[in-house]
Amino acid sequence: MGCFECCIKCLGGVPYASLVATILCFSGVALFCGCGHVALTGTLTMLENHFSRVTTDHATLAMVIQIFQYIIYGIASFFFVYAIILLAEGFYTTSAIKKELQSDFKTTVCGRCITAFFMFLTYILFLAFLAIFGFTAIPVFLFFNMWTTCAAMRSPDANITSPDSICVDVRQYGIIPWNATPGKACGATLGEICDTSEFYLSYHLYIVALAGAGATVIALIHYLMILAARTPPPTHKDKRSCPATTHLPLHTSAPPTLQHPFPPSVKNKNHLGHV
């Protein structure tokens, strides 16, 4: 066997569907975890510098952000291992299916249970990351409101007579308590906040994190389709395990004879009558 034939044989055993889903999963999780971690840090810094200068006012928020960052570490580690496991399962099942196509088709209860377990776990992860995707859209919406407010305030067509009347109150979103000082930013102060690197970087990082969460959701859907396609139907059995059957002939008795529509006696009487 030459080098070309060997390469073709090796490439034939690659589960391309699982490989694409794994790359998409790695990319999505990396974008979500990396950008989300940095964006949370920038959000806390921006709140401490401009909206809540007293540490005790945002102590709960700081603790929640720290918990989210630890959760991000766990998500990154878990999906790294889980995606590799699904990729290895794809390599194994692809080679096993190709061998079975050349011989008798055979499935085991253990293989069915493993595939069903992966499908159930992947479905649970899909629902969890779908919720994470929706949760990530919240900071994107908040930052977008601040960005549009700053853009409207700077627009020459806005014709704003009193810029100080335009404010963004972070307290109304429940991020910090109502007794936090100053709690809101108005006019020129709001414009300065929008010009800071913390705001600009956090806003765009949240957008990238949202895109990463969406890519992970698509990758999990892809994994579900792959696992469902590799699940053999329950009607396929091994030919060697089927009991021996006796093949009976199609016709075990003589075919029925056609009966005359008239009894013999009636037929004879009609014949004599014509005579």
Side-chain angles (χ1 to χ4, degrees), residues 24 27-73 75-76 129-218:
L24 186 61
S27 303
V29 172
L31 289 176
F32 171 76
C33 294
C35 297
H37 186 277
V38 180
L40 288 173
T41 304
T43 302
L44 183 60
T45 303
M46 186 180 65
L47 289 174
E48 290 176 347
N49 295 335
H50 303 285
F51 293 99
S52 180
R53 296 188 176 92
V54 181
T55 308
T56 56
D57 293 339
H58 59 270
T60 304
L61 178 63
M63 182 181 64
V64 171
I65 288 178
Q66 188 177 9
I67 292 174
F68 282 162
Q69 289 177 341
Y70 284 130
I71 292 175
I72 286 175
Y73 296 149
I75 290 175
F129 237 93
L130 191 62
I132 292 174
F133 176 78
F135 181 78
T136 310
I138 297 176
V140 175
F141 173 74
L142 299 181
F143 275 82
F144 177 76
N145 284 341
M146 291 185 62
W147 180 77
T148 52
T149 303
C150 293
M153 186 174 57
R154 296 172 180 175
S155 176
D157 300 331
N159 194 14
I160 299 174
T161 57
S162 57
D164 293 336
S165 62
I166 301 177
C167 302
V168 172
D169 195 345
V170 183
R171 297 172 295 183
Q172 64 181 346
Y173 300 115
I175 300 175
I176 55 178
W178 283 101
N179 57 358
T181 54
K184 64 179 181 179
C186 303
T189 305
L190 179 60
E192 292 176 0
I193 294 174
C194 293
D195 291 335
T196 57
S197 59
E198 291 86 3
F199 175 83
Y200 185 82
L201 184 62
S202 299
Y203 177 42
H204 290 84
L205 286 179
Y206 277 126
I207 295 176
V208 177
L210 181 65
T216 307
V217 170
I218 296 175

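Fair warning: this is a prediction, and the values are worked out from it, not measured in the lab.
Between the side chain of Thr196 and the backbone N or O of Ile193 there is at least one donor-acceptor pair closer than 3.5 Å. Proximity of a side-chain donor or acceptor of Ser202 to a complementary backbone N or O of Phe199 within less than 3.5 Å is not detected.
Looking at Pro182 and Arg53, their side chains come closer than 4.5 Å, going by heavy atoms from C-beta outward. Residues Asn145 and Val168 have side chains not in contact (no heavy-atom distance under 4.5 Å, counting atoms from C-beta outward). When side chains are defined from C-beta on, Tyr206 counts as touching Thr43, because their heavy atoms get closer than 4.5 Å. Residues Phe133 and Thr216 fail the side-chain proximity criterion, which asks for heavy atoms closer than 4.5 Å. Thr41 is listed as a side-chain neighbour of Gln69, based on a closest heavy-atom distance under 4.5 Å.
When Leu47, Asn179, Ile176 are each tested for a side chain to side chain contact (heavy atoms under 4.5 Å, CB included) with Asp57, only one passes: Asn179.
When every heavy atom of Cys194 is checked against every heavy atom of Met146, the shortest pair comes out as SG-O, 3.9 Å. Shortest non-hydrogen contact noted between Gly183 and Asp169 is O-OD1, 2.9 Å. The two residues Ala209 and Phe32 have their closest heavy-atom pair at O-CD1, 3.6 Å.
The distance from the CG atom of Leu190 to the CD1 atom of Ile166 is 8.5 Å, given to the nearest 0.5 Å. Rounded to the nearest 0.5 angstrom, Leu40 CG and Thr45 OG1 are separated by 10.5 Å. Rounding to the nearest 0.5 angstrom, the gap separating the OH atom in Tyr200 from the CZ atom in Phe143 is 13.5 Å. For the atom pair CD1 (Ile207) and SG (Cys35), the distance works out to 11.0 Å, reported to the nearest 0.5 Å. Rounding to the nearest 0.5 Å gives a distance of 10.0 Å between CZ of Phe68 and CD1 of Ile132. Distance check, rounded to the nearest 0.5 Å: CZ of Phe144 to OG1 of Thr149 gives 9.5 Å.
Counting heavy-atom neighbours within 6.0 Å of Tyr173 OH, excluding the residue itself, gives a total above 12.
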Note to self: Show, in sequence, the C-alpha distance, side-chain angles and deciding distance for His58 and Leu44, and conclude whether the side chain to side chain contact (heavy atoms under 4.5 Å, CB included) test is met.
What the structure shows: CA-CA 9 Å; His58 59 270; Leu44 183 60; 4.2 Å; yes
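Ring-centre distance between His37 and Tyr73: below the 6.0 Å cut-off.
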